[in-house]
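Inspection log for the structure reproduced underneath, given as structure tokens.
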Amino acid sequence: MDISALVHTRTHHPEAIAEAATRRARRPLLNEDGKLMIVAADHPARGALGVGGDRLAMANRAELLERLCLALSRPGVDGVLATADILDDLLLLGALDGKVVMGSMNRGGLQGASFELDDRFTGHRAEDIQRLGFDAGKLLLRIDYDDPGSLTTLESTARAIDDMAARRLPVFVEPFISRRTPEGKVKNDLSAEAVTRSIAIASGLGGSSAYTWLKVPVTDNPDDMAQVMATSTLPAVLLGGEVGDDQDGAYEKWRSALQLPTVRGLVVGRSLLYPADGDVAAAVDTAVGLL
């Protein structure tokens, strides 16, 4: 990974990013198998750099780009979800040809901040995704019934869905019912009732759901997923989250949920890019095999 070359291009020829976006070979969102395998790397822009016990695991950009390029090179990986800085680097590296590119739209709810649930749209706008020829957007919708900031996020989410639908661009909505612990940390509720409620709320946002997808977690009890996913007819992908050392357990949870009729694939980040055993290729290949 030649970081000096990337910095030189950014310094002397910043137009190269837009030029690379224009040249990029595109593909349909879904291939013939109708499944999606997306690698996620939008965590750093929200200040969420930790993996396991390493609080700054994702802070080294050269290492992150190397892991992303390796993951994107594996058979069956359809594309990447990231913020503008990472996607710009990947464009310059030529790693996005023939891949699905998803722009991360709201990163304002910084991890650990008092305003974490007032999750402003500080990343890609719908017009940016269209201008760059990207294929979809993704947004995070955490709802805390005790935090007024969630209402701001709800309204902003609805308008973002409208903006994407007006351009006929898919938008992946990642909903959670969240609450703060006594220590003030935001915790997502993965009970069947909470995930069901979050799906119902997210599905009804905006003036049209024609281009809305869901990005949902597997519930605490994976056996609840069939009932939970019956809440909506919107197509959905499973998110990976941080699985810790129990990688095999995570695979089993995903395997069962992937059989449900609305579930069309996986969007997984840290658990594939930073697996406990360090073998990115093996982790990615195993996840692809689940599809």
Side-chain angles (χ1 to χ4, degrees), residues 24-42 68 71-82 87 95-105 126 129-130 133-139 161 164-165 167-175 195-196 198-200 202-203 205-206 208-219 222-241 250-269 271-273 281 283-291:
R24 184 177 74 89
R26 296 186 63 180
R27 51 153 279 180
L29 180 68
L30 296 174
N31 282 328
E32 292 181 0
D33 63 2
K35 298 290 188 178
L36 269 179
M37 176 67 215
I38 302 293
V39 178
D42 59 342
L68 278 169
L72 286 166
S73 74
R74 304 304 298 171
V77 174
D78 293 293
V80 63
L81 158 65
L87 293 181
L96 299 182
D97 284 344
K99 298 296 182 182
V100 171
V101 182
M102 298 172 57
S104 186
M105 302 178 76
I129 294 170
Q130 181 181 51
F134 292 163
D135 305 293
K138 171 261 179 182
L139 58 86
I161 290 171
M164 293 292 281
R167 294 167 171 81
R168 299 185 178 182
L169 288 168
V171 58
F172 289 67
V173 180
E174 181 179 349
V195 177
T196 297
S198 71
I199 289 173
S203 298
L205 292 174
S208 171
S209 65
Y211 294 91
T212 304
W213 286 58
L214 298 173
K215 181 172 178 274
V216 298
V218 177
T219 48
D223 294 338
D224 292 330
M225 283 298 287
Q227 181 179 351
V228 167
M229 296 309 297
T231 307
S232 175
T233 58
L234 298 184
V237 292
L238 304 178
L239 63 92
Y251 291 142
E252 282 307 308
K253 286 184 176 182
W254 299 339
R255 189 191 309 276
S256 299
L258 283 166
Q259 307 308 311
L260 298 172
T262 61
V263 178
R264 313 308 300 165
L266 287 166
V267 178
V268 186
S271 58
L272 298 186
L273 293 173
V284 171
D285 293 348
T286 302
V288 169
L290 300 177
L291 300 177

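Owing to the predicted nature of the structure, the values given are computational and were not obtained by experimental measurement.
Taking every heavy atom of both residues into account, Trp254 and Val268 meet most closely at CH2-CG1, 3.8 Å. Between Arg264 and Pro235, the shortest heavy-atom contact is CG-CB, 4.0 Å. Closest non-hydrogen pair, Leu87 versus Ala82, comes out as CD1-O, 3.5 Å. Nearest heavy atoms, Val284 versus Ala71: CG2-CB, 3.9 Å. Between Gly79 and Lys99, the shortest heavy-atom distance links the atoms CA-CB, 4.1 Å. Annotation for Pro217 and Pro175: closest pair CD-O, 4.4 Å, computed over non-hydrogen atoms.
When the options Leu239, Val263, Leu238 are evaluated for a side chain to side chain contact (heavy atoms under 4.5 Å, CB included) with Val216, the one that passes is Leu238. Among Leu266, Val237, Val100, Val267, the one residue that satisfies the side chain to side chain contact (heavy atoms under 4.5 Å, CB included) test with Met37 is Leu266.
With a 4.5 Å cut-off on side-chain heavy atoms, Arg74 and Val288 do not count as touching. Counting heavy atoms from C-beta outward, Leu36 and Leu291 have side chains that stay 4.5 Å or more apart. With a 4.5 Å cut-off on side-chain heavy atoms, Asp78 and Arg27 count as touching. Using a 4.5 Å heavy-atom threshold, the side chains of Phe134 and Arg24 count as touching. No side-chain heavy atom of Gln227 sits under 4.5 Å from any side-chain heavy atom of Thr196.
Judged by distance alone, with hydrogens and angles left aside, the side-chain atoms of Arg26 form a donor-acceptor pair with the main-chain N or O of Gly133 at under 3.5 Å. Although no hydrogens or angles enter the test, the distance criterion places no donor-acceptor pair under 3.5 Å between the side chain of Asn31 and the main chain of Asp33.
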Set out, in order, the CA-CA distance, both residues' side-chain angles and the distance that settles side chain to side chain contact (heavy atoms under 4.5 Å, CB included) for Phe172 and Ile38, then state yes or no. CA-CA 12 Å; Phe172 289 67; Ile38 302 293; over 6 Å; no
Assess the residue pair Leu214 and Ser203 against the criterion (side chain to side chain contact (heavy atoms under 4.5 Å, CB included)); give the C-alpha distance rounded to whole Å, side-chain angles, the decisive distance to 0.1 Å, and a yes or no. CA-CA 8 Å; Leu214 298 173; Ser203 298; 3.9 Å; yes
Side chain to side chain contact (heavy atoms under 4.5 Å, CB included) between Val171 and Met105, worked out: CA-CA 10 Å; Val171 58; Met105 302 178 76; 4.1 Å; yes
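If you take CE on Met229 and CG on Leu234, they are separated by 9.0 Å, rounding to the nearest 0.5 Å. A distance of 12.0 Å separates OH of Tyr211 from CG of Leu29, quoted to the nearest 0.5 Å. Atom CD1 of Ile161 sits about 9.0 Å away from atom OG of Ser209, to the nearest 0.5 Å. To the nearest 0.5 Å, atoms NZ (Lys253) and OG1 (Thr219) are separated by 8.0 Å. To the nearest 0.5 angstrom, Leu30 atom CG is 11.0 Å from Asp135 atom CG. Atom CG in Leu290 sits 6.5 Å away from atom CG in Leu258 (nearest 0.5 Å).
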